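Quick one: the structure is below, and I'll ask about it shortly.
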Amino acid sequence: MNHGMFQNETNTTSYCHNFTNVETAINLNISPDSFAVLDYVNIVLIPACLITGVPGNVITIILMNTNTFSHFASKYFLIALAIADISVLCTQPFKNMSVIRYLGFDLRTFSAVGCKFYFWIHKTGKMTSSWFVVCVALERLVAVKLPFKVKYWFSKQYTLVTILIVTGIIGGFNVGYAYYTEIDENGICNPDVYDKNNSDAITIYRHVLNVGVSLYFIGPLLVLFVVTPIIIISLIITKQKQSKLSIFNGRNIVVKPTTMLISVMIAYIVFVMPLGIVRIIVNYYGFNLYSVNSTTFSIFRDISFILELMNYSSNFFLYVCSSKPFRNGVASLCTKNCMHRI
């Protein structure tokens, strides 16, 4: 590894020089050593995630609107999460350099407005997806710690208002973030275009970038790192008490859906944390994400992108594996479709 890349610049002038003179390599998007392997992986993985993730999230939306989940406090958060994940899955292929190389051009460059709108949709989907997972975690925390309050604090009205507030704040931030999105000299829709010779522009852009990283990675991960262990410990204590008393009361209504949703929280941490680490390193040391002359870092970066993509297509399978009502709902839905065809 080129350790010089990770030397901390204490002098502002040196930092700006380091931050601006790294030539944008978005037209590569991968290290030369992993070029062929990553192209192959992406060609297989992107269609697989689209084919499984989009229908899976659509089925989730359908099932959350059935009577089976009518009293499920988290249903609106899960619907919003599924919509956000669909928006990311549908926009993800257009930013992948393997796809751009295959087509020979960037589909997002038909207009400057379309380029900005694309990244607004993509970034808003990613950030809202993160915070809807946090909302699910907070709802489950209240459900296991204050079960008699959860219906009031997470009523339909309050839940929908929360979803609108989260979407409004993040969507508004990304309107400003879109200012830095332009079609660059390489004919690529680039989200990181700013005056690299202007120290003020560099400082402002770095602050905007830090806020974006905090909204997508740091904030949600910090909340989940605190909340998830508390929920798991509370569930273990509850099940131990039930086992000793040999009772199965209303608390089981809390335990079963919480077990299902814990898998979503853990999956988010596992799939998103590697890219969060990459972004934190890049922001701290001030070099371009796509032009690091280090094979080790480049491979870790590329793997983190793959894990991130899997995050948006995996929830449906987690629900199927961890929830019997959800499995029954999927089976019923498939049975009805087969009967209609017959």
Side-chain angles (χ1 to χ4, degrees), residues 52-86 129 132-160 162-163 224 227-228 231-243 246-271 310-340:
T52 59
V54 174
N57 282 308
V58 170
I59 291 172
T60 299
I61 294 170
I62 294 171
L63 291 181
M64 286 299 135
N65 284 290
T66 60
N67 290 332
T68 303
F69 295 94
S70 60
H71 301 294
F72 195 20
S74 294
K75 62 177 286 187
Y76 296 107
F77 289 135
L78 295 183
I79 291 171
L81 176 62
I83 293 171
D85 287 352
I86 289 172
S129 177
F132 291 146
V133 173
V134 170
C135 289
V136 169
L138 294 176
E139 186 273 332
R140 286 296 91 189
L141 177 65
V142 174
V144 298
K145 302 300 287 186
L146 300 168
F148 298 108
K149 297 287 187 180
V150 68
K151 289 292 184 181
Y152 175 73
W153 288 1
F154 290 90
S155 64
K156 177 181 178 179
Q157 180 181 354
Y158 288 165
T159 299
L160 293 178
T162 301
I163 291 170
L224 291 176
V227 171
T228 305
I231 296 173
I232 293 173
I233 292 170
S234 298
L235 281 182
I236 293 172
I237 293 172
T238 299
K239 296 197 79 172
Q240 287 178 342
K241 288 181 178 178
Q242 289 178 346
S243 178
S246 298
I247 60 170
F248 297 92
N249 55 22
R251 295 282 286 184
N252 286 311
I253 300 174
V254 174
V255 171
K256 290 181 179 179
T258 302
T259 304
M260 164 185 161
L261 296 176
I262 283 175
S263 64
V264 177
M265 304 173 208
I266 295 175
Y268 175 84
I269 293 172
V270 171
F271 288 142
M310 292 173 63
N311 174 63
Y312 301 109
S313 58
S314 62
N315 287 342
F316 170 77
F317 299 100
L318 294 175
Y319 302 152
V320 169
C321 292
S322 60
S323 172
K324 185 176 180 180
F326 194 89
R327 287 195 297 274
N328 292 339
V330 173
S332 176
L333 196 61
C334 292
T335 303
K336 288 181 181 178
N337 287 335
C338 291
M339 293 298 292
H340 283 309

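A quick note: this is a predicted structure, and the numbers were derived from the prediction, not measured. FYI, the numbering just counts along the sequence from 1.
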Value rounded to 0.5 Å, distance of CG in N57 from OG1 in T52: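 Interatomic distance, N57 CG to T52 OG1, rounded to 0.5 Å: 9.0 Å.
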Polar side-chain atom of S332 near backbone of N328 as donor-acceptor pair, under 3.5 Å: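 Looks like no, no N/O pair under 3.5 Å.
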Pairwise distance CZ(F154) to CZ(R140) - rounded to 0.5 angstrom: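 F154 atom CZ to R140 atom CZ measures 9.0 Å (nearest 0.5 Å).
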Distance in Å, K75 NZ paired with T68 OG1, rounded so as to fall on 0.5 Å steps: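 If we round to the nearest 0.5 Å, K75:NZ and T68:OG1 are 10.0 Å apart.
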Point-to-point distance, once rounded to the nearest 0.5 Å, from OG of S322 to CZ of F317: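 Reported to 0.5 Å precision, the distance equals 13.0 Å.
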Residue pairs, two or more places apart or on separate chains, that pass side chain to side chain donor-acceptor pair (under 3.5 Å) and touch residues 76-86: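 Side chain to side chain donor-acceptor pair (under 3.5 Å) check on residues 76-86 returns D85-S129, D85-N315.
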Full working for side chain to side chain contact (heavy atoms under 4.5 Å, CB included) between I86 and I61: CA-CA 11 Å; I86 289 172; I61 294 170; 4.2 Å; yes
Student check: side-chain heavy atoms of V264 and L78 closer than 4.5 Å: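 No, their side chains stay 4.5 Å or more apart.
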Nearest non-hydrogen partners of A267 and L318, listed with the distance: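 Heavy atoms only, the tightest pair is CB-CD1, 3.5 Å.
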Spacing of I59 atom CD1 and F326 atom CZ [to the nearest 0.5 Å]: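 Taking CD1 in I59 and CZ in F326, the distance rounds to 7.5 Å.
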Any N65 side-chain heavy atom under 4.5 Å of I79 side chain: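 They are in contact (side-chain heavy atoms under 4.5 Å apart), so the answer is yes.
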V227 to A137 - nearest heavy-atom pair and separation: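 Between these two residues, the closest heavy atoms are CG1-O, 3.6 Å.
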Side chain to side chain contact (heavy atoms under 4.5 Å, CB included) evaluation trace for L63 with Y319: CA-CA 11 Å; L63 291 181; Y319 302 152; over 6 Å; no
CA sep, side-chain torsions, deciding dist, call: I231, M265, side chain to side chain contact (heavy atoms under 4.5 Å, CB included): CA-CA 11 Å; I231 296 173; M265 304 173 208; 4.0 Å; yes
Main-chain N/O of K151 paired to S155 side chain as donor or acceptor, under 3.5 Å: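 No: the side chain of S155 does not pair with the backbone of K151.
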G56 versus F316, closest heavy-atom pair with distance: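 Between these two residues, the closest heavy atoms are O-CD1, 3.3 Å.
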CG-CZ distance between L138 and F77, expressed to the nearest 0.5 angstrom: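 The CZ atom of F77 is 8.0 Å from CG of L138, to the nearest 0.5 Å.
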Intermediate values then yes/no, side chain to side chain contact (heavy atoms under 4.5 Å, CB included), Y158 and Y152: CA-CA 8 Å; Y158 288 165; Y152 175 73; 3.5 Å; yes
Partner of Y268 under side chain to side chain contact (heavy atoms under 4.5 Å, CB included), chosen from V136, L81, L224: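 Only one option passes, and that is L224.
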